[in-house]
Engineer: 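Sharing a structure below in structure tokens format, with a few things to ask.
Order of the sequence lines fixes the chain letters, A, B, ..., with proteins taken first and strands second; residue numbering starts at 1 for each chain. Worth saying up front: this structure is predicted, and the values here are computed from it rather than measured.
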4 protein chains.
Amino acid sequence: MSTAANSDVKSTRQRILDSAEHLFADKGLAGTAVRDIAAGVGLNAASLYNHFAGKEELYEAVLERGLRPILELVSELVSEESPADADERALDRVVLHLAQHPNLAKLVQYEALAGGERLVRIGGRWLEPIYSRGLEALSKSKAEERWTPEELPLLLVAFQNLVLGYFAMAPLMQQAFGLDPTSDEALQRQMSFLRKATRLLLPPREGL
Amino acid sequence: MSTAANSDVKSTRQRILDSAEHLFADKGLAGTAVRDIAAGVGLNAASLYNHFAGKEELYEAVLERGLRPILELVSELVSEESPADADERALDRVVLHLAQHPNLAKLVQYEALAGGERLVRIGGRWLEPIYSRGLEALSKSKAEERWTPEELPLLLVAFQNLVLGYFAMAPLMQQAFGLDPTSDEALQRQMSFLRKATRLLLPPREGL
Amino acid sequence: MSTAANSDVKSTRQRILDSAEHLFADKGLAGTAVRDIAAGVGLNAASLYNHFAGKEELYEAVLERGLRPILELVSELVSEESPADADERALDRVVLHLAQHPNLAKLVQYEALAGGERLVRIGGRWLEPIYSRGLEALSKSKAEERWTPEELPLLLVAFQNLVLGYFAMAPLMQQAFGLDPTSDEALQRQMSFLRKATRLLLPPREGL
Amino acid sequence: MSTAANSDVKSTRQRILDSAEHLFADKGLAGTAVRDIAAGVGLNAASLYNHFAGKEELYEAVLERGLRPILELVSELVSEESPADADERALDRVVLHLAQHPNLAKLVQYEALAGGERLVRIGGRWLEPIYSRGLEALSKSKAEERWTPEELPLLLVAFQNLVLGYFAMAPLMQQAFGLDPTSDEALQRQMSFLRKATRLLLPPREGL
DNA sequence: GATGAATGAGGATTCATTCAT
DNA sequence: AATGAATGAATCCTCATTCAT
């Protein structure tokens with residue numbers, strides 16, 4: 001089966017995206033050399049241009065490929081009819097996905113620091129409904145008791161920072177604390193931590 | 001007196017640091033050209049080398065100059081004998097400082113993403129006491145009721161992300177929400193938001 | 001018959017030659033990319049190498065294909081036994097041919113500027129008899145009254161420049177004067193101009 | 001005296017222009033490598049960018065430097081109050097200048113073939129008065145007897161081709177005839193040839 | 001202290017060409 | 001006969017750095 005084959009023999013395009021994702025996440029766009037991306041796949045730098053129009057386009061492809069599942073995930077969860085523990089389930093799944101794709105968070109942080117224009121462009125379709133429904137959901141919950149409507153965007157950003165920041169700071173934590181934040185154990189702890197924090201910051205839903 | 005003169009006419013060294021801080025915060029180390037830093041001060045790139053040994057050294061000087069007040073601030077607050085509302089006061093002052101130095105948060109985030117080695121090197125002296133005293137303080141408080149000792153580092157990292165993330169994401173928020181996160185109004189809201197969040201995440205101190 | 005088919009469906013080889021001729025005439029050898037030649041025929045660059053050994057060989061093939069009819073034309077006219085108005089008829093026919101193949105003149109000019117080695121190589125067989133007979137013809141005519149034998153080569157070059165230059169300068173004339181030098185009207189005028197110039201520069205033949 | 005010094009120690013900028021002019025004239029814009037231009041002055045390619053913004057800008061500077069004297073020359077001659085033998089004197093001086101700057105003609109021919117946009121841009125100020133006064137002068141002369149007003153532009157272009165073509169075709173003539181068209185002797189012959197041709201093509205002025 | 005000029009290293013990208021399919 | 005993919009060489013250009021002035 002071709003799908004089976006693909007799982008083994010990744011297309012060159014995918015392998016380039018892998019290598020690029022790794023390097024962009026580690027060193028950022030400006031800090032990454034096209035030659036190094038190619039070398040990561042055992043390719044000559046020129047060969048890269050048979051697959052992508054240029055560094056910028058490759059970068060955006062990496063961003064898009066990394067972002068899509070997250071956006072779909074969140075979008076999907078947000079669109080459900082506010083099930084009881086939607087928040088925590090959303091957090092869990094996003095964190096799990098990020099844990100399996102450790103480059104993603106750093107990629108997003110780098111992009112946000114650089115202005116986030118591409119982030120907005122790529123996530124455009126998703127961002128709007130996510131944020132609006134997110135706000136709506138929050139305002140329907142008892143969160144109102146704790147947060148004014150003006151503060152709700154801040155809350156969203158805070159959660160984003162909480163989740164992404166953990167992974168983005170991973171290298172620093174490793175250096176400072178000497179522990180590996182991507183180990184299964186550490187991830188379990190972070191997920192439980194986030195769940196607690198969510199309960200503290202967001203009051204339980206009406207239904208409960 | 002030379003100090004009087006300096007208040008008006010910043011030393012070239014300081015002006016270079018200003019220009020460098022601005023660019024490094026916006027584009028990161030790799031994304032910033034020495035020539036552009038110099039141009040920002042109306043200097044030739046070569047002149048820069050009369051003041052700093054090289055790009056790397058300049059970068060570290062920027063980092064050090066930006067970090068020192070923050071570290072001193074935190075260090076100072078932490079060293080007090082756990083006054084009642086030390087946490088909130090610390091947050092307020094740090095946020096205020098960051099608000100007046102909007103490049104700082106981005107600088108730190110860029111550095112953390114890049115591995116944070118310089119951060120650890122520069123903040124080395126400070127970091128250890130801060131974190132250990134922070135943990136100690138937390139463990140003495142009723143935080144224990146909510147957070148296990150293993151979770152306390154996560155809590156510290158979480159606060160760091162909450163505080164720094166707000167500023168680092170500023171350009172993105174501007175793009176996505178169309179609001180200026182550095183306006184006085186927005187800052188007031190964020191500070192009040194952080195205070196609330198602190199109260200929710202950290203139980204009030206024993207004394208209260 | 002294959003010839004019949006060819007009249008409708010040009011062979012790929014011919015279509016490649018067409019595309020190459022167009023681009024080489026516009027941008028010169030160095031300025032033309034093999035890929036663009038291929039694209040002009042809806043082909044992949046690699047496919048070109050099924051038809052020609054390389055860029056250089058393709059270029060020479062273009063040159064040869066373009067030059068042959070001209071050389072044959074001139075050669076034929078020159079070889080006639082000095083008919084009365086051979087000069088003017090030769091000019092007319094060459095100009096007509098060039099008008100129908102507007103790339104040719106530019107191709108030749110580019111080549112001449114680049115040293116003309118290929119021109120000499122390709123036209124070798126023809127050039128010698130043409131020039132020698134041309135000179136002979138001139139010296140037999142009353143041109144002698146106006147031009148010394150040493151000047152006759154200059155006269156030949158002058159005519160070449162007059163004829164080729166008109167087409168080679170076409171883009172410039174269009175830019176400078178805003179008129180299209182390849183329109184039927186413009187061509188008529190140029191031909192009549194050349195005829196007049198010929199009469200002025202070359203005295204009528206003896207026979208007349 | 002600084003002028004004396006300059007004649008000996010040409011500024012690097014001038015030497016770059018010299019090297020570039022030489023190569024551009026021989027191989028055209030696309031065929032010339034920046035590295036080779038630099039090597040012609042004993043410079044590293046990077047050093048070139050301390051003097052010119054890029055290859056294109058250097059090319060235009062070469063063009064401008066080469067064209068200016070010619071344009072001023074022609075413009076000056078044209079502006080005189082139609083002295084008896086203005087035409088011939090103009091031709092002589094232009095030819096002499098071109099003879100001393102053998103790259104110029106080729107440079108212009110290359111440019112014209114490539115579209116002549118830069119030629120029009122650079123020569124813009126001059127071209128208009130030159131052509132309009134040229135036409136005016138011709139129409140006042142008895143040229144009318146031989147050339148219709150519509151043919152006058154063709155006459156101008158013809159002279160341009162006659163003059164420039166001689167030098168542009170120099171390498172080809174050398175190959176084909178084995179004679180050096182830039183020798184003093186050859187130049188004398190060409191100038192005398194052009195004078196004769198001028199007299200034949202243009203009837204003597206009214207005054208005569 | 002400042003700068004114009006120089007440079008080696010390296011940047012992204014293009015190019016002509018090859019080859020397996 | 002056509003092509004996608006690969007590549008070494010070469011393209012223009014930028015960069016951080018040095019140094020004489």
Side-chain angles (χ1 to χ4, degrees), chain A residues 11-13 15-16 29-39 41-59, chain B residues 11-13 15-16 29-39 41-59, chain C residues 11-13 15-16 29-39 41-59, chain D residues 11-13 15-16 29-39 41-59:
Chain A
S11 77
T12 303
R13 185 187 161 91
R15 289 169 53 229
I16 292 173
L29 173 56
T32 298
V34 169
R35 194 182 304 149
D36 292 341
I37 299 176
V41 203
L43 275 186
N44 183 301
S47 304
L48 229 146
Y49 290 81
N50 287 323
H51 301 271
F52 296 92
K55 194 190 187 185
E56 173 74 23
E57 286 82 357
L58 170 54
Y59 181 67
Chain B
S11 76
T12 302
R13 186 187 160 90
R15 289 171 51 232
I16 292 174
L29 174 56
T32 298
V34 169
R35 196 184 310 153
D36 292 339
I37 300 176
V41 203
L43 276 186
N44 184 297
S47 304
L48 257 168
Y49 292 80
N50 288 323
H51 301 271
F52 297 91
K55 192 190 187 184
E56 174 73 25
E57 287 81 356
L58 170 55
Y59 181 66
Chain C
S11 77
T12 303
R13 185 187 161 89
R15 288 170 52 232
I16 293 174
L29 173 56
T32 298
V34 170
R35 196 183 310 155
D36 292 340
I37 299 175
V41 203
L43 276 186
N44 185 297
S47 304
L48 252 162
Y49 291 80
N50 287 325
H51 301 271
F52 297 91
K55 192 190 188 185
E56 174 72 24
E57 287 81 356
L58 170 54
Y59 181 67
Chain D
S11 78
T12 302
R13 184 186 162 89
R15 288 171 52 231
I16 292 174
L29 174 56
T32 299
V34 170
R35 192 184 306 151
D36 292 340
I37 300 176
V41 204
L43 275 187
N44 183 301
S47 304
L48 228 146
Y49 292 82
N50 287 324
H51 300 272
F52 297 91
K55 193 191 187 184
E56 173 73 25
E57 286 83 356
L58 170 54
Y59 181 67

Engineer: Taking the side chain of A:V34 as heavy atoms from C-beta outward, which of F:dT17, E:dT13, F:dC15 is closest to it?
Structural biologist: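 Per side-chain heavy atoms of A:V34, the pick is E:dT13.
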Engineer: Which heavy atom of B:V34 sits nearest to which heavy atom of B:L48, and what is that distance?
Structural biologist: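 Here B:V34 and B:L48 meet closest at CG1-CD1, 3.4 Å.
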Engineer: Identify the two heavy atoms, one from A:A30 and one from B:G31, that lie closest to each other, and give their separation to 0.1 Å.
Structural biologist: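 Where A:A30 meets B:G31 most closely, the heavy atoms are CB-CA, 3.5 Å.
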Engineer: Side-chain N or O of A:R35 versus OP1/OP2 of E:dG10: is the shortest distance under 4.0 Å?
Structural biologist: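 For E:dG10, neither OP1 nor OP2 has a side-chain N or O of A:R35 closer than 4.0 Å.
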Engineer: Work out which heavy atom in B:I37 is nearest to a heavy atom in B:I16; give both atom names and the distance.
Structural biologist: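 Looking at all heavy atoms of both residues, the shortest contact is CG2-O, 4.0 Å.
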Engineer: In this structure, how many angstroms lie between the P atom of E:dG1 and the CZ atom of B:F52, rounded?
Structural biologist: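 Between P of E:dG1 and CZ of B:F52: 11 Å.
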Engineer: For residues 50-58 of chain A, tabulate all N or O donor-acceptor pairs below 3.5 Å that involve a side-chain atom, not counting sequence neighbours.
Structural biologist:
residue, atom, partner, partner atom, Å
A:K55, NZ, A:L29, O, 3.0
A:K55, NZ, A:T32, O, 2.9
A:E56, OE1, A:R118, NH2, 3.2
A:E56, OE2, A:R118, NE, 2.6
A:E56, OE2, A:R118, NH2, 3.4
A:E57, OE1, A:G54, N, 3.3

Engineer: Pull out every protein N or O sitting under 3.5 Å from an N or O of nucleotides 5-9 of chain F, one pair per line with the distance.
Structural biologist:
residue, atom, partner, partner atom, Å
F:dA6, OP2, A:H51, NE2, 2.7
F:dA6, N7, A:N50, ND2, 2.6
F:dT7, OP2, A:N44, N, 3.0
F:dT7, OP2, A:S47, OG, 3.0
F:dG8, OP2, A:N44, ND2, 2.8
F:dG8, N7, A:N44, ND2, 3.2

Engineer: Measure from NZ on D:K55 to C1' on E:dT13 and round the result to the nearest Å.
Structural biologist: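 That distance rounds to 14 Å.
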Engineer: So if I take the C1' atoms of five pairs at each end of the helix from E:dA2-F:dT21 to E:dT21-F:dA2 and get each local axis, what angle do the two axes make, rounded to 10 degrees?
Structural biologist: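 Angle reported: 0°, given to the nearest ten degrees.
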Engineer: Side chain of B:A33: nearest nucleotide among F:dC15, E:dC15, F:dC13?
Structural biologist: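 So the nucleotide nearest the side chain must be F:dC15.
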Engineer: Using heavy atoms to find the nearest nucleotide of DNA chain F for B:E56 and D:T32 separately, return the residue whose nucleotide is more 5′.
Structural biologist: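 Of the two residues, D:T32 wins.
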Engineer: Tell me the interatomic distance from A:I37, atom CD1, to E:dA12, atom P, rounded to whole angstroms.
Structural biologist: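 From A:I37 CD1 to E:dA12 P: 8 Å.
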Engineer: Starting at CD of A:E57 and ending at P of E:dA12, how long is that distance when rounded to a whole Å?
Structural biologist: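 Spelled out: CD on A:E57 to P on E:dA12 is 13 Å.
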Engineer: Of D:A30 and B:A30, whose nearest nucleotide on DNA chain F comes first from the 5' end?
Structural biologist: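 Residue closer to the 5' terminus by nearest nucleotide: D:A30.
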Engineer: Give the rounded distance in Å between these two atoms: OH of B:Y49 and P of E:dG4.
Structural biologist: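 About 16 Å, once rounded to whole Å.
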